[in-house]
Every structure is written in C-alpha cells, then in structure tokens.
2 protein chains.
Amino acid sequence: MRETGFLWSATVFIHGIRDARSVSDHLQRGPETMKDVTIQDIAAAAKVSKSTVSRVLNDTSAVHPDKRRAVLEATSRLGFQPNAFARSLASGRSMTIGVLTQIIGSPFYDAVSQGVIAGLSGTGYSPIFADGRWQRTAEVGAIRALVGRRVDGMVLIGGDIPGTELANLCGTLPTVVVARQLASEQHHCIFMDNVEGGYLATNHLIEFGHQDIAIIRGIADHRDATDRFDGYTKALHEAGIQRNPALIIDGDFTADSGVHAIDTLLSAGRPFTAVFAANDMTAFGARLALHQQGIRVPEEVSIVGFDDQAEAAFMTPPLTTIRQPAREMGWQASRALLALIDGQPFESRPLHGELQVRESVARAA
Amino acid sequence: MRETGFLWSATVFIHGIRDARSVSDHLQRGPETMKDVTIQDIAAAAKVSKSTVSRVLNDTSAVHPDKRRAVLEATSRLGFQPNAFARSLASGRSMTIGVLTQIIGSPFYDAVSQGVIAGLSGTGYSPIFADGRWQRTAEVGAIRALVGRRVDGMVLIGGDIPGTELANLCGTLPTVVVARQLASEQHHCIFMDNVEGGYLATNHLIEFGHQDIAIIRGIADHRDATDRFDGYTKALHEAGIQRNPALIIDGDFTADSGVHAIDTLLSAGRPFTAVFAANDMTAFGARLALHQQGIRVPEEVSIVGFDDQAEAAFMTPPLTTIRQPAREMGWQASRALLALIDGQPFESRPLHGELQVRESVARAA
DNA sequence: TTGTAAGCGTTATCAC
DNA sequence: GTGATAACGCTTACAA
C-alpha cells in the first residue's frame, strides 16, 4: 500500500498568540464536530488491538491474514488517516527533511527544489520547505522553525547567513548546502563551477571574434557573481585581451540592473560589441535597453546570459546562455543528505554548466 | 516574544516503508546523540513545573515575574525549541493551514502563495503547501496528506479535481478555492473576472483601430481560458466586429503554443493585425515567431498578453498585458479562510484585472 | 499563582 | 502472532 502526495509547508511560529480559540467549535457544518478516527477506532472495528493495527499499517511484523484484512477493511471504510503528529512524536523520527529556499521568483530555485523532491521521492523521507526570502532574520527564523519541526536533516539552498552561525543553528543535524560555496570544510556544499561557466560564456563571445566584451555583474558579495566574473577575466586573459574597467558594470541580478548597465555603458561612450550578463534576467533587461536605443541584437551587440530560465529561449532573439544543472543539484543534494543521515561520508560529483547556443551571439563586426 | 520564519514542506507519505532505521544512531558527530531539550528540562533548570513553563511560553496565564524570567533564561540558555508535534498533538489544533498549489513554474501561482503567506503572517496560523503538479492523482494525494497533517483549513489554488470529489476529500474542513471557479454554492471561491480581463485586452486592441484580431486560447477545458475567450468575443461583438474562426487558434498556455499559433495563422493566410494571447508565456512565443518571420511588433502586428509576469515588462517591445491581482487573491483567500474557521460567513470582494499598457500595441496600419 | 495529573494518537517493549 | 502498557513532549483541566 503506497500513497503518494507532495506536501509543502510554510510556517510562521509565533509564541504567545492564542487568538483563535473558536476553531474547532464552529465548523462549517455546525457544531457537530466529526471526531477524527483514530487507530483505536480501527482496532475496535477490526476487533484487534491498537498494536496489531499499527503493525499492519506499518508492515512492521507479520500478522494473521484474516486480521490484516479486517484492519485494512476498517481503515478504508472509516477513512482512517494516521495522525502524522502522533506518529513522529512516538517514533522520534520525523522522516522529514528541512529545505531552506529563497523565494526569488527565479526558476532556478524552483528547479533545485524539484530536484530535491525527486531525490527524496520513494525514500520515505519528506521535504519540508522553509523560506528565507533572502533576508538574514527570516532565514534564521526559518532554520529555527525547521529545527522545531525536528527534521532529520537539512538542505539549504542559497542564503547568506555566515558559516559559523549556520554551524550554531544546525548543530549536529546533517546538512547539505546547495548553490552556495562555503569556505569551511565542515559544511557539505554542492555547487556548480561558476568560474567555468563564466569562462564558457566569455570564451564563446571571443570565438565569435569579440574583443570589447562588457560584463554586467551580479550582486557584489555574492560568490556566484564573483566567480562568474573570474571566469570572464580568465577567458579574456587567456585570449590575450586586455580587461577594460569601463566595460565592467555592477548589477544585482535583476532585469532593471541590466537596463541601467546598458545606459551606463552607452553614456560612457566606450564601444563594445558584446555583453555577458550575470544571469538571464539581467540579459533581458540589457536586451530591452539595447532595443530602445535602436541597437540591434545580435547584429551590433551580442549577448550571453546565465541560468537558461524558461523565458530565455523565447527572447528575441533567443538567448544564448549557460544552462545551470539546477534540478540535478537538488537531486544530488538530497541523495548526499540521505547518505549523511545514514552515517556515510559526504560525496558529490562536481557539477558543470553547459553553453546553450541560440541566436543572441553573432560574429563581431 | 515573537519568532518568525516561513516554512514550506513537501511530503511524500509512504506506508509500509521503514528502511531508514540507522537515522538517529549515527549522527554526524558520532554516536553521542544530543538529546533534545524538552519542556521538562526547562522546568528543572528553572525550578518550576512543566505547566508553568508552558504558561510563560504561551503567555496563557499570569506567572510570577521571577519565575517567568527564570524560565525565559533557561529557555534561551538551553536553546529550547518546543516540539511542534507534541504541541499540536496535545492541543488538538495544528494552527496550520493547508495550501494546495500546482507547480507550474508560473509566477502567478508563486504570487498567490505569497499573498497567502502574507495574509496568515501574524495570525498564529502557518501555511502548509501541498503540490498537486496539475495531476489528478497527485492532487488527491496531496489533499489527503494535508488532511493527515490535521490542517485547520485549506486554500486550494487552481487544480482540477471535480467539485464533488473535492467535497468528499475536504469533508467539513473549512476550505477556500482560489483562481478557480466552481459551480456549486458550497465551495467558497476567490477568482478574478477573466471575462472582463479578456474584454479589456481585446477592447484595447479595438480602440487602437484593430479589426482583424487573432486570439491564441489557453487549455481548452480550463475555465480561465474559456472566460478570457468569452471576453474577447464580447468585445468584438460590442464593436460590431465579426468573429472570424480562422483567427481563433488553440493553445495551452505555453510559449511553444504561441510559436505554433503564429505559424498556423501565417500559413492560413488570413491577414491579422493584432494578437491576444491567453497568457504572457504564449505572448512571448508569439512574439518570437513573429520576429523569426520578419514581422515587426508592434508596427505590423500588435500583441496583448495576460498575467503581467515579471518578464513581460522586459519583452522587446515591453508587453501590454492584463495584470492579475495574484498576491491580493492569495491574501483575500487566507483572510476569508480565517473568518470561515472562526465560524463567520464567507465573504470576498470581486477581483479585477488591470490593463497594463506598455509598448506592444500600436495603431492599426 | 502554581503544581499534579490526565490526556492527545502513535510507536515500541514487553510478556504471553 | 498478539495484546497490554509504557513512553513521546506538550497542553490543559482541576486542585491547592
């Protein structure tokens, strides 16, 4: 017997508030609250003991076929739903994995989450997603809430609280950090090689004969952003192209920053034939700004993005970009965590981005 | 004392699987499992009874300031995290709201969820998100899981299991359905007027002198899609424009369907000067296809979308579209649900889309 | 104001 | 195989 369903939960823990007392008193269909059916009711209906019911439900030891059948029958007849709270309380194991996400609207994080779900599916463990919304305090609160839920392990996707604080919060809880690179050895991280990605993107431009390649960077202290920038620098260096400070513009991963970057670039007057945007959203903004200035893409200026989000393929022209193995990262993270929980050592294969060639890059004029 | 954090949980309920026994035995830092600190420990440390601890933690009745202080001190010193399971088990109330979402990658659903979170924040209730992934069985499983978690109420966003089945699953549980319109009176629905939205979009085109307006519809049996189409029809009718079957193309809300629709339209040979796409993704696809055929937007063909997702403002040209009050829908849903739980009648103000004028529409040639 | 004790619905440990 | 019965950690009458 196997019942599947995906359950996401967002929790706000608030102590000291008990303002909803009338809850179970006035249900929709009047005051006649339908009492939940419990394992006890099943036991009575099947004329066996609670223990036996538990045994057949969990398949934890052999029971007589007849009784088994009786229990199953009663279960479905009464529409019994085991109480998850009681279950975890008694067993000590919550069979639940805490996942910290950052709601950023970016399909990237969605994809990572999906990977986690996929990796956990069929293992008996259930992910519980907590949202840090890219805010330090919310993030700490979210992790606390996760711990309060007695998760058996955690997957932290992104976020930016410092490693030491993380160590404090998580304690001995098995934890895997995704899409973020922490210095300390004690943290288990799964991340893509962003330097390589930046290199791939820039090099593609160079191969198309571009020399004056502008870069719109991501958030300044964001490791992903600095790594991609390093990749850009490396590619330039290898090709013997002098890096030009005038072509290095700061951004923050938003489309707006892409627009502003182009404006800045244009008003500075330093000519450029290509742009490497720190992510697709930035690329979208850049492309729009170029359009508004009457500059053709890719004929006059080529663009490369980073992420390969769904909309990238439908930009005009379709955006050449670096595809992040988001789903796979999530998958790997969950498998690694499971191993960790089981007492095995942490292991992960390095992940690589792939250049997704489309039509936003043309040969330099 | 107030502690906040957003917690999302995805759960796969699997009966009969108990294959992870070694969990708590082998924690990361060796076999010396750090026992969770309980309310009992706090009681001992603060030299009071469990009840008193509970009282100060929940602010449920007055306690002596000294003891109070002692409890609080012990709580933070020992890093006590109340066990959520035990709490709900004992109180009967889970203080938790089940939210059924459909992972569709669409920012629209994200926004609705955010609205729910916002509406619940500060009420003491916590949303628990279950994912239906637009699949009937997963949806049923998800709702079951929610019920198993003993949620105090449910918000169902989208989904497509029939109303009667819904009634069965939810039983007497207070429930609000968002972004979906159910016929039966017994369901409480919060939705936008899609007919009006479709009308607004089409009428905008008509006001710009367009007569030959193509429409790329959404999923055929999707109420949102048919309503938008009805709005289109209505606007045409009012303007005395004959509806032309050759300009009505089926789609499925994806960018790909937008591309195909344009191809179909073009090969059919029936001229058109404007396109109303069932949603923004479809509009993106249409815009790309037009670009690839060398047809200029908006000079030769105008486009209107529906949703106003983040990328819409950065399409080239920026997409004129109907903004859905997604966040507000989520907010209203949660407030309405809270009222329902409290025994008050269901109430909701009708919601309206807004025309977001940008640059993808031009005067008809 | 405080403590004692009886649950809440399961699982787990025993004897039988 | 099966059934009592003791946890699990917390809330909540009920007494004191």
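For the numbers below, each heavy atom of this structure counts, side chains included, while hydrogens, waters and symmetry mates do not. We name chains A, B, ... by the order of the sequence lines, and we start the count at 1 in each one.
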Whole-Å gap separating [atom2] ([N]) and [atom1] ([X]):
X	N	atom1	atom2	answer
B:Phe85	C:dG9	CZ	C1'	14 Å
A:Arg87	D:dG9	CZ	P	18 Å
A:Arg150	C:dT10	CZ	P	20 Å
A:Phe80	C:dG9	CZ	P	10 Å
B:Gln81	D:dC8	CD	P	20 Å
A:Ile39	D:dT5	CD1	P	17 Å

Report the residues that fulfil side chain to side chain donor-acceptor pair (under 3.5 Å) with A:Gln40, sequence neighbours left out, ordered by chain and then residue number. none
Would you indicate whether the side-chain heavy atoms of B:Leu182 and B:Leu166 approach each other to under 4.5 Å?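 Result yes, sub-4.5 Å side-chain heavy-atom pair found.
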Kindly write out the residues that satisfy side-chain contact (heavy atoms from CB on, under 4.5 Å) with [X], not counting sequence neighbours, or none if the list is empty.
X	result
B:Arg335	B:Thr123, B:Trp331
A:Glu73	A:Arg77
A:Gln344	A:Ala339, A:Asp342
B:Ser334	B:Val116, B:Leu120

Closest approach to the side chain of B:Asn83, judged atom by atom: which nucleotide of C:dT10, D:dT11, D:dC10 is it? D:dC10
Taking the side chain of B:Asn58 as its heavy atoms from C-beta onward, which of D:dT11, D:dC10, D:dT2 lies nearest to it?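 For the B:Asn58 side chain, the nearest candidate turns out to be D:dT11.
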Polar atom pairs between nucleotides 3-7 of chain C and protein, under 3.5 Å, N or O only, would you list them?
from: C:dG3; atom 1: OP2; to: B:Ser49; atom 2: N; distance (Å): 3.1
from: C:dG3; atom 1: OP2; to: B:Ser49; atom 2: OG; distance (Å): 3.3
from: C:dG3; atom 1: OP2; to: B:Thr52; atom 2: OG1; distance (Å): 2.7
from: C:dG3; atom 1: N7; to: B:Arg55; atom 2: NH2; distance (Å): 2.5
from: C:dG3; atom 1: O6; to: B:Arg55; atom 2: NH1; distance (Å): 3.4
from: C:dT4; atom 1: O4; to: B:Ser51; atom 2: OG; distance (Å): 2.7

